[in-house]
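Naming: A, B, ... by sequence-line order, numbering from 1 per chain. For clarity, every value in this text was computed on a predicted model and none was experimentally measured.
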Amino acid sequence: MTARFWLMKSEPSEVSIDDVLTSPQRCVEWFGVRNYQARNFMMRDMSVGDGVLFYHSSCAEPGIVGLARVARAAEPDITQFDPSSPYFDPKATSANPRWYCVKVEALLKTPLIQLSTLRQYPVLQGMRVLAKGNRLSITPVTPEEWNALQPLLIPSA
DNA sequence: GCCAACGTTGGC
DNA sequence: GCCAACGTTGGC
């Protein structure tokens, strides 16, 4: 296990940072990931306690909106078994699940950090989320990037 | 709505 | 195993 920090995208129309912060345990199953690379990050590389940048995508104001942590290791994503779910996968069975998800606990809401802001910091230029054409919904964040981001993540009064 | 990027599918 | 076609993502 190498990575300890992650950026995780969510569409706020589906699950926003506010949705998670106001849910009973401040937790959400990261259901709906249907990309093997992202799944493998959750299955192989994530550990409880890993730091998470909560990112809103496909919305009016895309960017980092919160801090979170991995709260539980990967388990089968139950939406793959539900024929009424948009994430239903007919090739998945409970004996042979295809898709797994970790549980994420939201910690706090941060000021919105837009892509244009991230681009201003040389140390952050390598972030996958800034790469042209990047579509991966879960990406590793280096300790250097994580540390450089901290001053930007302090909640305003 | 546009479109670039990229993952997946399926015929061969 | 190749690769063209297709579908999806996601910023703009």
Please tabulate, one pair per line, each protein N/O and nucleotide N/O from nucleotides 1-5 of chain C that are separated by under 3.5 Å, including the distance.
none

- prompt: Using links of under 4.5 Å between side-chain heavy atoms of ILVMFWY residues, direct or through other members, which residues join A:Tyr100 in one cluster?
  reply: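 Same cluster as A:Tyr100: A:Met43.
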field: Check: A:Leu112 main-chain N/O paired with A:His56 side-chain donor or acceptor under 3.5 Å
entry: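 Not at all, since once roles are kept as given, no pair shorter than 3.5 Å links the two residues.
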message: In this structure, how many angstroms lie between the C1' atom of C:dG11 and the CD1 atom of A:Ile113, rounded?
response: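 So the two atoms are 18 Å apart, to the nearest Å.
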- request: Residues of residues 52-64 of chain A with any non-hydrogen atom less than 4.0 angstrom from an atom of DNA chain C: list those, numerically ordered, please.
  value: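 Here the set is A:Tyr55, A:Ser57, A:Ser58, A:Pro62.
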query: What salt bridge (Lys or Arg N to Asp or Glu O under 4.0 Å) pairs are there with at least one residue in residues 10-19 of chain A, not counting sequence neighbours?
result: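 Residue pairs with at least one partner in residues 10-19 of chain A: A:Asp18-A:Lys109.
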- prompt: Pairs in or reaching into residues 23-37 of chain A: which pass side chain to side chain donor-acceptor pair (under 3.5 Å), with residues at least two apart or in two chains?
  reply: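 Residue pairs with at least one partner in residues 23-37 of chain A: A:Glu29-A:Arg72, A:Arg34-A:Asp77, A:Arg34-A:Thr79.
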task: Provide the full list of side chain to side chain donor-acceptor pair (under 3.5 Å) pairs with a residue in residues 110-124 of chain A, sequence neighbours left out, each pair given once.
output: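 Residue pairs passing side chain to side chain donor-acceptor pair (under 3.5 Å), neighbours aside: none found.
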- request: Applying salt bridge (charged side-chain N to carboxylate O under 4.0 Å, His left out), name anything that partners A:Arg69, two or more places apart in sequence or on another chain.
  value: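 Scan of A:Arg69 (salt bridge (charged side-chain N to carboxylate O under 4.0 Å, His left out), adjacent residues dropped) gives A:Glu105.
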To the nearest 0.5 Å, what is the distance between [atom1] ([X]) and [atom2] ([Y])?
| X | Y | atom1 | atom2 | answer |
| --- | --- | --- | --- | --- |
| A:Arg135 | A:Lys9 | CZ | NZ | 9.5 Å |
| A:Leu53 | A:Leu153 | CG | CG | 6.5 Å |
| A:Leu118 | A:Ile64 | CG | CD1 | 5.0 Å |

Taking N or O atoms only and anything under 3.5 Å, show me the protein contacts with nucleotides 7-10 of chain B, one pair per line.
unit_1 : atom_1 : unit_2   : atom_2 : d
B:dG7  : O4'    : A:Arg135 : NH2    : 3.1

Considering residues at least two apart in sequence or located in another chain, which fulfil the side-chain hydrogen bond (donor to acceptor under 3.5 Å, both in side chains) criterion with [X]?
| X | value |
| --- | --- |
| A:Ser13 | none |
| A:Arg98 | A:Asp89 |
| A:Asn40 | none |

task: Remember a base hit wins even if backbone is also touched, and classify A:Arg39 as base, sugar-phosphate or nothing at under 4.0 Å, heavy atoms.
output: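 No contact.
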query: Given side chains that start at C-beta, do those of A:Pro140 and A:Phe5 come closer than 4.5 Å, heavy atoms only?
result: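 A side-chain contact is absent here, since even the closest heavy-atom pair is not under 4.5 Å.
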query: When the C1' atoms of the five terminal pairs at each end define the local axes, what inter-axis angle does the helix from B:dG1-C:dC12 to B:dC12-C:dG1 show, to 10 degrees?
result: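 The helix from B:dG1-C:dC12 to B:dC12-C:dG1 shows an end-to-end axis angle of 10°.
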